[in-house]
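Below, each value reflects all heavy atoms present in this structure, side chains not excepted, and no hydrogens, waters or symmetry copies. Indexing begins at 1, ligand by ligand and atom by atom, following the structure's order.
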Amino acid sequence: MQTFPNLTLDGRAFINGERQWAVAEARFDNISPVNGQTLCEIARCDATDIDLAVQAARHSFDDKRWRGLPPAARKRVMVRFSDLILAHGEELAQMETLDMGKPIRYAHSVDVNSAANCIRWYGEAIDKVYDEIAPTSDQALALIRREPMGVIGVIVPWNYPMIMAAWKIAPALACGNSVVLKPSEKSPLTALRLAELALQAGVPAGVFNVVPGYGLESGSPLALHMDVDGIGFTGSTKVGKQIHVMAGQSNLKRAWTELGGKSPFIVMDDCPDLERAVQAAVGSIFFNQGESCNAPSRLFVHQRIKNAFMERALQLVPQYQPADPRLPDTVMGAVVDQTQRDTVLGYIEKGQQEGAHLLCGGQAALTDTGGFYVQPTIFDGVTNNMTIAREEIFGPVLSVMGFNDVHEAVRLANDHVYGLQASIWSRDLNTAHGVARALRAGTVHVNQYDEDDITVPFGGYKQSGVGRDKSLHAFDKYTELKTTWIRIDSPV
Ligand code: NAD
């Protein structure tokens, strides 16, 4: 299937600066969720290919071809890399849309631009961060220096393929590490193209390698590899837990995990702007087909305003009917594959079986296209113990619950294994600040949901993961701290 003219799709791995098929020659078909047709073949890499990529990365780290450059020189390369991403923005956006089904308008305006901005930001930051001198006695000088960790393995999911990769490779590369990236088998195309653009920008061969394949066949060997020093993982909590086990089973590599979410969105009866709150709740759960880790999938509305809130929410839903994501006006595209569509529909069935009230949606859509689409779906009358409130659906499904006072809202919001994001809507300063402090989440939004910036950390409490992406804090994940004590016998 070739639906965008001039788009070349290459599914070969990128190891040591070169495109190559898996050593075992295995391949798999890359199916587009847009219409169920095969886009191209992808190299089905395994432990042998991972080992080649890790060796290339290690070699490039040891000979200092990248980490030995002054930070300002790495900065220049990363800024060029960012510029190349923007220059190839249309191509990358088209790949992302075909590969995982997101609307082309967002693939470009959100995914391409965020990934480019992230690479630029860490590049520009790296020659502005200083090391430390500790306040020790006069007889000593203690230098505290950040050193690149070594070879970093990166494993990412399919929902924002370029952005998730950029959040990890940008700080890791800026610090001077060498990287082996394993993209999701469901959306590997842009990661492979990014590696080519990085080389073109001046990232030396071997420093940034991309090895596609399935989780068990290529992800596990990377997480278990004895010569990988750190691993940055984004994905499900189930696999994230295995990543920590594999790190412990092998060489105790540093493991950082950004995992699932079931974020609460709390609307008090003194919400300062009901229209804005409804728009944010509905827009955020249906953005990216609901396939966002931070989607506000549990909506808590004060009983006093719930009817008015839901009436307006239902009026907005038709805007989010799925359509062909290649069309410029589409706001909701296809979910990533047939398995994901069937999983989402299974949760919807479960919600009905357990007694939740289906307000809208609930069905597959556009089945005649051969692609995988789900109607925007809202359940009312949900209780916090129902499966659709407990488990991350990762699709366009909203679970709505009422509450009577702020204590009940906070208790329900916090009664969950996840703690990625949350939102509180109230015009009362004490309520807003008090609830923001009480919520166990890595990010709390007050009277909005969509603010986002590379300067702020992103990550979760509880089983939403370990560590933070974005901001200067991300450097902590890809550096080791070294203390150097120097004795000073001063003659004066
Ligand atoms: P997933 O855990 O199934 O897969 C993620 C990656 O891990 C893929 O590349 C996959 O091939 C690989 N993998 C699978 N099994 C593996 C194994 N045994 N060993 C090593 N690697 C393995 O997740 P997914 O379905 O791709 O993505 C959806 C999940 O990602 C959701 O739970 C979502 O919340 C989460 N997510 C979290 C964030 C965040 O920042 N917290 C951001 C985006 C997505």
Point to revise | Y214-F28 aromatic ring centre distance below 6.0 Å | key: yes
Study note, to complete from the structure: of all protein heavy atoms, closest to atom 37 (C) of ligand 1 is L259 O, 3.1 Å
Review point. Does the gap between the ring centers of W158 and F394 come in under 6.0 Å?
Key: yes
Check your understanding: What about the rings of W256 and F233, do their centers lie closer together than 6.0 Å?
Key -> no
Review point. Nearest protein heavy-atom contact for atom 28 (C) of ligand 1: which residue, which atom, what distance?
Key: F394 CE2, 3.5 Å
Point to revise | Derivation of the side-chain hydrogen bond (donor to acceptor under 3.5 Å, both in side chains) call for E354 and T387 | key: CA-CA 8 Å; E354 292 183 3; T387 307; 2.6 Å; yes
Point to revise | Residue V239 vicinity, atoms of ligand 1 by number, heavy atom under 4.0 Å | key: 2 (O), 13 (N), 14 (C), 15 (N), 16 (C), 17 (C), 22 (C)
**Study point:** Protein heavy-atom partner closest to atom 14 (C) of ligand 1 - residue, atom, separation in Å
**Key:** G215 CA, 3.6 Å
Review point. Taking N or O atoms only and a 3.5 Å limit, does S220 qualify as a polar contact for ligand 1?
Key: yes
**Study point:** Minimum side-chain heavy-atom gap L439-N414 below 4.5 Å
**Key:** yes
Check your understanding: Do any nitrogen or oxygen atoms of T237 come within less than 3.5 Å of a nitrogen or oxygen of ligand 1?
Key -> no
**Study point:** Pick from A191, G235, S263: the one approaching atom 35 (C) of ligand 1 most closely through a non-hydrogen atom
**Key:** G235
Review point. Can you find an N/O atom of S236 closer than 3.5 Å to an N/O atom of ligand 1?
Key: yes
Review point. Heavy-atom contact under 4.0 Å between E291 and ligand 1?
Key: no
Review point. S284 and side-chain contact (heavy atoms from CB on, under 4.5 Å): which partner among S263, P296, S292?
Key: P296
Review point. If we only count heavy atoms from C-beta on, is the E391 to K350 side-chain gap below 4.5 Å?
Key: no
Point to revise | Name of the residue among Y160, W121, F458 meeting ring pair (Phe, Tyr, Trp, His ring centres under 6.0 Å) with W167 | key: F458
Exercise for review: Before signing off on this row, confirm whether F458 and ligand 1 have an N or O atom pair separated by under 3.5 Å.
Suggested key: no
**Study point:** Subset of ligand 1 atoms that lie under 4.0 Å from at least one heavy atom of M246
**Key:** 19 (N)
Review point. Within the structure, does Q242 bring an N/O atom to less than 3.5 angstrom of an N/O atom in ligand 1?
Key: yes
Point to revise | Ligand-residue contact atoms, ligand 1 with C293, heavy atoms, under 4.0 Å | key: 33 (C), 34 (O), 36 (N), 37 (C), 38 (C), 39 (C), 40 (O), 41 (N), 42 (C), 43 (C), 44 (C)
**Study point:** atom 18 (N) of ligand 1 within contact range, any protein heavy atom under 4.0 Å
**Key:** yes
Study note, to complete from the structure: For M164, the atoms of ligand 1 under 4.0 Å from one of its heavy atoms are 42 (C), 43 (C)
Practice item. Please check if the distance between the ring centroids of F208 and W66 is under 6.0 Å. Key: no
**Study point:** For atom 12 (C) of ligand 1, closest protein heavy-atom neighbour
**Key:** I155 CG2, 3.7 Å
Practice item. State the atoms of ligand 1, each with its element, that fall below the 4.0 Å cut-off from a heavy-atom position in W158. Key: 24 (P), 25 (O), 26 (O), 27 (O)
Revision key, fill the gap. A student checking ligand 1 against E392 at a 4.0 Å heavy-atom cut-off should list atoms 31 (C), 32 (O), 33 (C), 34 (O)
Practice item. Dump the intermediate steps for side-chain hydrogen bond (donor to acceptor under 3.5 Å, both in side chains) on D51 and H225, then the final yes or no. Key: CA-CA 8 Å; D51 200 41; H225 204 288; 2.6 Å; yes
Check your understanding: Is the closest N or O pair between L216 and ligand 1 shorter than 3.5 Å?
Key -> no
Practice item. Could you tell me which atoms of ligand 1, counted from 1 in the order shown, lie closer than 4.0 angstrom to a heavy atom of E185? Key: 10 (C), 11 (O)
Exercise for review: To the nearest 0.5 angstrom, please state how far the NZ atom of K168 sits from the CD1 atom of I155.
Suggested key: 10.5 Å
Review point. Is any N or O atom of K182, backbone or side chain, closer than 3.5 Å to an N or O atom of ligand 1?
Key: yes
Review point. How close does the nearest protein non-hydrogen atom get to atom 9 (O) of ligand 1, and which residue and atom is it?
Key: V156 O, 2.8 Å
Practice item. Give yes or no for whether the N/O distance cutoff of 3.5 Å, strictly under, is met between T234 and ligand 1. Key: no
Point to revise | Close N or O approach (N159, ligand 1; < 3.5 Å) | key: no
Point to revise | Side chains of E41 and N30 in contact at under 4.5 Å (non-hydrogen atoms) | key: no
Review point. Does Y160 come within less than 4.0 Å of ligand 1, judged by its heavy atoms?
Key: no
Point to revise | Derivation and outcome, side-chain hydrogen bond (donor to acceptor under 3.5 Å, both in side chains), residues Q340 and K186 | key: CA-CA 11 Å; Q340 187 63 16; K186 299 182 183 187; 5.0 Å; no
Review point. Closest non-hydrogen protein atom to atom 27 (O) of ligand 1, residue and atom name please, with distance?
Key: P157 CB, 3.1 Å
Check your understanding: Any side-chain heavy atom of L192 within less than 4.5 Å of one from P212?
Key -> yes
Review point. When the aromatic ring centroids of Y449 and F265 are compared, is their separation below 6.0 Å?
Key: yes
Check your understanding: Can P183 be said to touch ligand 1, with heavy atoms closer than 4.0 Å?
Key -> yes
Review point. Side-chain contact, heavy-atom cut-off 4.5 Å: F14 with N209?
Key: no
Revision key, fill the gap. G219 heavy atoms within 4.0 Å reach ligand 1 at atoms 19 (N), 20 (C), 21 (N)
